[in-house]
Amino acid sequence: MTIRTTTRETEQAPALTREETGGSARSSEVPIGLVLLAGVYLILSPWVIEFTGTFGMAATNMISGIVLALFAAGCARSAGLRTVAWVIPVLGAWVMSSPWVISRGRGLVPLEYPGMPALNTATWLSNVIAGAIVLVAGIALALSTRRRPAHR
């Protein structure tokens, strides 16, 4: 379906100002992009970093990465989803702390086999750096969403 407009219609249509569109849309594009890239990296990190014998870390990174990528895609698509952008920094904090939680705590169901190798430095650094990026970008996205007035 194509929509045709005449020059008279385009001349009569008022131009929307920056305030009418809810502020700068570009201010949230960078954090959303960083969250999306970090999410994709977390999905691929078990193969990039080669988590050997650490099913728990691989599973938590893949699940966190999928959730982050879906949140970023949703926030990019719909401004209404940005009201729950506070979840993104929480996920970033989880990604940063997950190596300690997964490797130290055995929980109710141990996900690792006895005699498994310890997490290597690359795994720890990968999660801390990716989690820090998600945490900072999520805070920036949540703050930019909070500053904008609600338009209905």
Side-chain angles (χ1 to χ4, degrees), residues 1-51 54-105 107-108 111 119-152:
M1 177 177 164
T2 59
I3 299 174
R4 295 183 187 175
T5 58
T6 63
T7 54
R8 187 178 316 163
E9 289 174 344
T10 56
E11 289 172 359
Q12 292 174 353
L16 293 177
T17 63
R18 191 177 226 181
E19 290 78 25
E20 291 173 328
T21 59
S24 173
R26 302 227 184 256
S27 67
S28 61
E29 288 177 0
V30 172
I32 290 172
L34 286 174
V35 170
L36 179 65
L37 287 175
V40 170
Y41 173 75
L42 285 169
I43 294 169
L44 299 174
S45 66
W47 294 279
V48 172
I49 304 296
E50 297 179 6
F51 298 170
T54 55
F55 173 76
M57 279 303 301
T60 192
N61 277 8
M62 289 181 63
I63 292 169
S64 298
I66 290 169
V67 170
L68 285 168
L70 289 174
F71 255 113
C75 285
R77 181 91 174 141
S78 167
L81 189 61
R82 292 183 190 158
T83 58
V84 292
W86 59 269
V87 174
I88 294 173
V90 172
L91 286 170
W94 164 251
V95 169
M96 284 178 63
S97 64
S98 63
W100 286 276
V101 173
I102 298 293
S103 69
R104 301 283 187 243
L108 296 174
L111 297 175
L119 295 178
N120 58 12
T121 306
T123 303
W124 293 81
L125 281 176
S126 170
N127 273 39
V128 169
I129 292 170
I133 290 171
V134 170
L135 182 69
V136 171
I139 290 171
L141 182 61
L143 290 177
S144 72
T145 302
R146 181 178 236 188
R147 277 189 240 132
R148 289 192 191 149
H151 286 89
R152 293 181 186 216

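Between the side chain of Ser144 and the backbone N or O of Leu141 there is at least one donor-acceptor pair closer than 3.5 Å.
Partners of Ser126 under the side chain to side chain contact (heavy atoms under 4.5 Å, CB included) rule, at least two apart in sequence or in another chain, are Tyr41, Ser45, Ile49. With sequence neighbours left out, Ile66 forms a side chain to side chain contact (heavy atoms under 4.5 Å, CB included) with Ile43, Leu70. Residues satisfying the side chain to side chain contact (heavy atoms under 4.5 Å, CB included) criterion with Ile129, sequence neighbours excluded, are Ile133.
If you take CH2 on Trp47 and CE on Met62, they are separated by 4.0 Å, rounding to the nearest 0.5 Å. Rounded to the nearest 0.5 angstrom, Leu44 CG and Asn61 CG are separated by 11.0 Å.
When all heavy atoms are compared, the tightest approach of Ala38 to Ala130 is CB-O, 4.4 Å. The two residues Asn127 and Pro99 make their nearest non-hydrogen contact at CB-CG, 3.6 Å. Minimum interatomic distance between Gly92 and Val134 (heavy atoms only, all atoms of both residues): CA-CG1, 3.5 Å. Shortest non-hydrogen contact noted between Met96 and Leu135 is SD-CD2, 4.2 Å.
By the 4.5 Å heavy-atom criterion applied to side chains, Met57 and Ser98 are counted as neighbours.
Checked against Leu68 for a side chain to side chain contact (heavy atoms under 4.5 Å, CB included), the options Ile63, Leu36, Val35 give a single hit: Val35.
Residue-environment remark: CH2 (Trp86) stays at or below the threshold of 12 foreign heavy atoms within 6.0 Å.
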